[in-house]
Amino acid sequence: MVDIDPWSSDVSTDYDRIIQKFGLDSVSLSDIPNPSLHHRRDIIFAHRDLGNILQAHSQGDPFGVMTGLMPSGQMHLGHKMVIDQVRWFQEQGADVTIAVADLEANATRGFSLSECRKVAMEEYIANYVAMGLDPARTNIYFQSMRPIVQRMGFTLGKRTNLSEFEAIYGFQGDTNLAHVQAPLVQAGDILHPQLDEYGGLRPIVVPVGVDQDPHLRLCRGLAGKTNWFNVNDRKNGGIRITVSVMDENQNIVAGDKATTHSVFTKIVDVLKALGYGDIVADANHGIVDLPAATPKDRYPIRMSLLALERSMGGSGLLQPSSTYHRFAVGMTGGKMSSSMPETTIFLTEDLKVMEKKFKRSFSGGQSTVEEHRRIGGNPDVDVAFQYLKFFFEEDDVVLEEIRKGYVSGDILSGELKMMTVEKAAAWLTDLAEMRDQNAHLVAEFLADDSR
Ligand code: TRP
């Protein structure tokens with residue numbers, strides 16, 4: 001058994017253990033410019049290399065956000081959470097790339113490509129448009145129609161093997177090979193925006209739930225293994241750069257002594273151009289040290305060396321950044337899953353049905369009014385409260401008032417549910433209106449290769 005299976009609806013919510021086990025970094029709110037509701041409420045709780053994105057942002061350098069969808073069902077609140085994050089990154093200046101994972105849905109859910117297209121257009125993209133993504137800076141494509149992502153999946157496959165797939169995904173002898181290819185194509189999805197034809201070298205962030213982290217681990221590993229130049233922290237401070245010699249570059253970076261030396265000269269020139277004075281190059285041992293460099297220098301150094309790699313014929317791929325959000329509790333108190341409609345609200349949900357779902361939803365209140373007034377409710381497990389927190393109440397002050405009122409017993413469970421129903425109804429109504437109003441924009445969101 002692997003710890004996280006991205007295709008299972010069972011997800012671990014032991015977030016601290018996940019951070020520990022998979023080496024995620026915690027998000028610190030003070031580092032985030034214009035923090036969103038998800039940041040302020042600790043819903044986005046961890047990341048990998050978000051510093052790259054923040055540094056690019058603060059320097060006014062380009063950066064992108066990437067996500068993908070399997071067009072295999074109805075969009076629900078869990079999807080809204082991802083799109084809200086994508087829109088937030090877009091508002092901070094990111095360009096947006098979205099993969100319609102029709103190949104993956106075909107491989108893992110048995111959907112035909114034409115079914116995928118229909119669902120993607122009518123269900124997913126229509127809602128993206130309604131949720132306010134900017135068509136001018138949003139690029140949506142179909143995996144099956146963008147050969148480069150498949151080609152990258154194929155060539156990156158060289159950097160992994162079946163044992164790694166077994167370890168990461170729990171694949172076994174009977175796993176079908178389309179299912180094996182899906183994560184490789186997804187690595188193509190995540191890495192291809194850095195190619196010159198798709199915007200060029202820049203950090204790309206992928207906001208996900210922890211269930212998708214296996215894909216990011218794989219993808220970061222694949223990208224890292226293609227890199228010609230490694231940038232690492234030195235044991236005693238500073239940064240060390242080493243050269244990876246591999247099939248693709250052995251004649252360019254190794255070969256004879258003169259070649260090796262010219263490569264080191266190039267590295268040193270790149271570092272000088274970045275302003276470093278204290279550079280210790282040891283071509284014989286294949287090492288360049290920057291004793292005075294700090295961790296913050298890693299990003300600009302890496303970017304410059306990736307550019308150097310590209311100028312020498314390499315692919316120069318930066319490992320993707322990622323952020324991780326907590327999952328909202330399902331409406332019945334367990335997990336939220338599209339295959340169990342009673343556990344979530346669909347973005348096209350009928351208002352009456354939505355209301356019914358909240359009325360039946362798991363409550364943190366007491367069983368009688370008297371008891372509730374005396375003991376108060378528990379907002380941490382109360383679906384109505386959690387949905388205000390995760391989705392519907394933008395205002396932190398109002399949310400806190402509601403929380404206090406519920407804890408003290410002033411607000412009854414039924415009252416809290418009605419507050420949430422009202423907020424949800426307003427949101428769903430607004431979204432439906434936006435879908436109608438902006439239906440003509442759906443085609444504009446599609447990239448040229450996917451129209
Ligand atoms: N695997 C994702 C899912 O199950 C879909 C996906 C495909 C994706 N390509 C991606 C997600 C790239 C993020 C980035 O929904």
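When a ligand or atom number is given, it counts from 1 through the structure's own listing order.
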key: Heavy-atom side-chain contact between N52 and R302 under 4.5 Å   = no
For A101, the ligand 1 atoms whose distance to one of its heavy atoms is below 4.0 Å = 7 (C)
message = Tell me if the CD atom of Q437 is crowded by more than 12 foreign heavy atoms within 6.0 Å.
response = yes
query = Applying a 4.0 Å heavy-atom criterion (strictly less than), which segment of I190 is in contact with ligand 1: side chain, backbone, both, or neither?
reply = side chain
ask   = With a cut-off of 4.0 Å, which atoms of ligand 1 are near a heavy atom of E104?
value = 1 (N), 2 (C), 4 (O), 5 (C), 6 (C), 7 (C)
message = Under 3.5 Å, is there a donor on one side chain and an acceptor on the other for N139 and Y198?
response = no
ask   = So which protein heavy atom does atom 4 (O) of ligand 1 come closest to, and at what separation?
value = M70 CE, 3.4 Å
inquiry  = Is the ring pair H325/F327 parallel, tilted or perpendicular, if the boundaries are 30 and 60 degrees?
reply    = perpendicular
ask   = Considering only protein heavy atoms, which is closest to atom 2 (C) of ligand 1, and at what distance to one decimal place?
value = Q212 OE1, 3.4 Å
key: Contact (N/O only, under 3.5 Å) between T67 and ligand 1   = no
key: For atom 11 (C) of ligand 1, the protein heavy atom that lies nearest, with its residue and separation   = G68 N, 3.3 Å
ask   = Is atom CZ of R360 surrounded by more than 12 heavy atoms (other residues, nucleotides or ligands) closer than 6.0 Å?
value = no
note = Rounding to 0.5 Å, atoms CZ (F391) and CD1 (I345) come to a distance of 9.5 Å
message = For atom 9 (N) of ligand 1, what is the closest protein heavy atom, and at what distance to 0.1 Å?
response = D189 OD2, 2.7 Å
request  = Decide yes or no for I44 and I32: does some side-chain heavy atom of the first lie under 4.5 Å from some side-chain heavy atom of the second?
outcome  = no
task = Please could you name the atoms of ligand 1 that M66 approaches to less than 4.0 Å, counting only its heavy atoms?
result = 12 (C)
query = How close does the nearest protein non-hydrogen atom get to atom 10 (C) of ligand 1, and which residue and atom is it?
reply = Q186 CD, 3.5 Å
